[in-house]
Amino acid sequence: MDCCETNQPFESLGEPFVKTYHIAALPGDGIGPECLDATMPVLDAVQSCCGISLKINRHEAGAEHYRKHGVAIPDEVLKDCLDADAVLLAAIGLPDVRKPDGTEVQPDMMMGLRRALGLYAAVRPVKLYPGVPSPLNTAGAGIDMVILRENLEGLFASFGGGCILNDHVATDTIVITREGTERVVDYAFQLSQRRKGRPIDGKRRVTCVDKANVFRSFAFFRKVFFDIAHRYPDIEADATYVDAMSLYMVTSPSDWDVLVMENQFGDILSDLGAAIVGGLGMAPSAEIGDNHALFQPSHGTAPQLTGKNVANPIATILSASMMLDWLGTRYDDADAISAGAAIESAVAGLLKDGHLRTADQGGNTSTSAISDAVTDAIHRNAGVAR
Ligand code: ATP
């Protein structure tokens, strides 16, 4: 049995027991491999400083693999993702690699992974680190919210379905189920319990974002939201329409803690969220299920930047931090939680310092130099001489 499949104590027969987490790493396409390469030394650093152990299996998958072999994710790679304790995926998709029906490989592969791994909650932190300029002048108390996107239902339930009639009418259907809504809303409240509340006053608040004034499906989503909210009397629960929310994220970004919403709304608002905290190069994400989890930057493959050592690797590095935090929480492993925190703290220090910035942040620091700086900071913060 894999050592991480149990919640056994870390001490056994007086010997310290170091868990080895099995990670399936998918570099993907475009800037994905560079961003993953920049993350590997960071993971090495926390292994040597924080007492954790990782076994990382690196696999080719994605659009380039499809171009060469006619398949985006080989069966053995999917199997390793299913066997792994977590999946770390850098970025996939290339606009010039298309399936015979003209669509890109990326949606197929991502929806396939989400469905196979049961990843129902997409966690998109929207956090403005000190030193990172925001385009907003409305964030006096700071920005630190999470967009929680239902990840298997909503409009995306129609993926691969939909209908075109006589070249005149096209339909895709939104699917909202009680079970799917309950589990993501429950996750939203649990997430709020672990956080420090909204920046403006520290109040824990979970907000349902919907279009309940127009559609029955969203009125149902809201009803189920409040059914679950009653179980969490210590957390403020409220609801806002998605169009208003897109305005509030700009005018009062410090007021929000956790926002939970349908799949397509989450897809759209999370890009707005990235924009107000430094852009896609700064935006990590996690996709969580009951038995599996996948971590990836929110950005795509930016093919025009590929191979130039200029991509911003911070979103991938912060995704690895989220991965360790999730593993630590799942397996009650304080060292893994500390390792995740060590990565975030090293990144935060670098950003606050403000000297090293990639081109998307208005600087000229290379991808590999950011990796070196984060790695050095982890060693320095741990007091380890190099
Ligand atoms: P996709 O179509 O899959 O979304 P994409 O790369 O074209 O992929 P985005 O990820 O939305 O689209 O990125 C849009 C642009 O933002 C990129 O073309 C690039 O200029 C910039 N960008 C995104 N991520 C990064 C990054 N990590 N570092 C630097 N620039 C980035």
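Remember, it's 1-based here, ligands and their atoms both numbered in the order they're listed.
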Side-chain donor-acceptor contacts of residues 137-149 below 3.5 Å, not counting sequence neighbours, with atom names and distances?
{"residue": "Thr138", "atom": "OG1", "partner": "Val250", "partner atom": "O", "Å": "2.6"}
{"residue": "Asp144", "atom": "OD1", "partner": "Arg195", "partner atom": "NH1", "Å": "3.4"}
{"residue": "Arg149", "atom": "NE", "partner": "Asn263", "partner atom": "O", "Å": "3.0"}
{"residue": "Arg149", "atom": "NE", "partner": "Asn263", "partner atom": "OD1", "Å": "2.7"}
{"residue": "Arg149", "atom": "NH1", "partner": "Asp267", "partner atom": "OD1", "Å": "3.4"}
{"residue": "Arg149", "atom": "NH2", "partner": "Asn263", "partner atom": "OD1", "Å": "2.9"}

Distance dump, ligand 1 polar atoms to protein, N/O, under 3.5 Å:
{"residue": "ligand 1", "atom": "6 (O)", "partner": "Thr301", "partner atom": "N", "Å": "3.4"}
{"residue": "ligand 1", "atom": "6 (O)", "partner": "Ala302", "partner atom": "N", "Å": "2.7"}
{"residue": "ligand 1", "atom": "10 (O)", "partner": "Gly300", "partner atom": "N", "Å": "2.4"}
{"residue": "ligand 1", "atom": "18 (O)", "partner": "Gln304", "partner atom": "NE2", "Å": "3.0"}
{"residue": "ligand 1", "atom": "20 (O)", "partner": "Gln304", "partner atom": "NE2", "Å": "3.1"}
{"residue": "ligand 1", "atom": "27 (N)", "partner": "His299", "partner atom": "NE2", "Å": "3.3"}
{"residue": "ligand 1", "atom": "27 (N)", "partner": "Asn312", "partner atom": "O", "Å": "3.0"}
{"residue": "ligand 1", "atom": "28 (N)", "partner": "Asn312", "partner atom": "N", "Å": "2.9"}

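For His65, the ring-ring contact (aromatic ring centres under 6.0 Å, His included) partners at least two apart in sequence or on another chain are His69.
For residues 170-199, the ring-ring contact (aromatic ring centres under 6.0 Å, His included) pairs, not counting sequence neighbours, are Phe189-Phe225, Phe189-Tyr232.
Salt-bridge annotation for Asp234 and Arg204: absent, with no side-chain N of the basic residue lying under 4.0 Å from a carboxylate O of the acidic one. Looking at Lys223 and Asp227, a side-chain N of the basic residue comes within less than 4.0 Å of a carboxylate O on the acidic one, giving a salt bridge.
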TODO: Test side chain to side chain donor-acceptor pair (under 3.5 Å) on Gln47 and Ser53 and set out the steps.
DONE: CA-CA 6 Å; Gln47 286 188 83; Ser53 169; 4.6 Å; no
